[in-house]
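None of the values given here were measured: they were computed from a predicted structure. Only heavy atoms go into these numbers, but all of them, side chains included; no hydrogens, no water, no symmetry mates.
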Amino acid sequence: MSKPDFAESTKLKKTGIRRVCLIGLGWLCVTLGLIGVVLPLLPTTPFLLVALWAFSHSSERFHNWLYQHHLFGPMVRDWDCYRVIPLKAKALAITMMSASLGYVAYKEVVPLWGLGLIGLCLLCVAIFILRCPSQPPAKTTNQLTE
């Protein structure tokens with residue numbers, strides 16, 4: 001599967017120390033994403049998306065490796081091409097945000113205005129998550145024959 005057209009136009013090749021730092025950031029995020037596969041509370045996809053971004057600005061080889069990876073590639077491509085968030089990830093994200101807000105409210109660690117501000121921010125994130133599609137668009141018969 002090839003990269004979308006807009007991925008090529010946004011690439012800005014970095015050189016020297018910036019390139020090394022971006023490659024390091026990419027591999028750090030891939031490592032955190034791998035840990036997130038095993039630990040249920042550590043997200044995988046956001047780390048992989050940051051890694052994809054870092055690699056797209058520093059190493060075409062690593063970018064293509066992540067984009068084509070048998071385990072991580074589909075979720076990265078779905079977001080990159082269609083901005084898809086799977087239903088399971090949506091449910092987990094909203095559940096964890098609600099639990100976090102409930103915990104902060106229960107522990108009374110912030111004033112009421114702070115709790116309201118946190119709730120408003122989480123509500124905005126939840127709306128964004130819910131507005132994203134849960135599946136890539138279905139291929140039509142015309143797309144299948146091309």
Within a strict 4.5 Å, meaning less than it, do heavy atoms of the L115 and L101 side chains meet?
yes
Rounding to 0.5 Å, atoms CD (Q68) and NE2 (H63) come to a distance of 9.5 Å
With sequence neighbours excluded, tell me which residues meet ring-ring contact (aromatic ring centres under 6.0 Å, His included) with W53.
H57
Which pair of heavy atoms, one from F72 and one from L34, lies closest together, and at what distance?
CZ-CD2, 3.3 Å
Please tell me if the side chains of V76 and Y67 come closer than 4.5 Å, counting only heavy atoms from C-beta onward.
yes
Mind checking side-chain contact (heavy atoms from CB on, under 4.5 Å) for W27 and listing every partner two or more places apart, or none if nothing turns up?
I23, V30, F55, F62, W65
Rounded to the nearest 0.5 Å, how far apart are OG of S100 and CD1 of I118?
9.5 Å
Whether over 12 other heavy atoms sit under 6.0 Å from L112 CG
no
Scan the side chains in residues 91-99 for donor-acceptor partners under 3.5 Å anywhere in the protein, sequence neighbours excluded, and list what turns up.
from: T95; atom 1: OG1; to: A91; atom 2: O; distance (Å): 2.7
from: S98; atom 1: OG; to: I94; atom 2: O; distance (Å): 2.9

Are L66 and L71 connected in the hydrophobic side-chain network, where two residues link if heavy atoms are under 4.5 Å apart?
yes
Looking at CG of L28 and SG of C21, how far apart are the two atoms once the value is rounded to the nearest 0.5 Å?
12.0 Å
For the residue pair G26 and A51, what are the closest heavy atoms and their distance?
O-CB, 3.4 Å
Throw together a table of side-chain donor-acceptor distances under 3.5 angstrom for residues 125-135, partners on residues two or more places apart or in other chains.
from: S134; atom 1: OG; to: K90; atom 2: NZ; distance (Å): 3.0

When hydrophobic residues are tied together by side-chain contacts of less than 4.5 Å, even through go-betweens, does I85 share a cluster with M75?
no
May I have the list of side-chain donor-acceptor pairs in residues 35-48 shorter than 3.5 Å, sequence neighbours left out?
from: T44; atom 1: OG1; to: G33; atom 2: O; distance (Å): 3.4
from: T44; atom 1: OG1; to: G36; atom 2: O; distance (Å): 3.4
from: T44; atom 1: OG1; to: V37; atom 2: N; distance (Å): 3.3

Set of residues satisfying side-chain contact (heavy atoms from CB on, under 4.5 Å) with respect to K88, sequence neighbours excluded
none
Write down the atom of A54, the atom of S58, and the distance for their closest heavy-atom approach.
O-OG, 2.7 Å
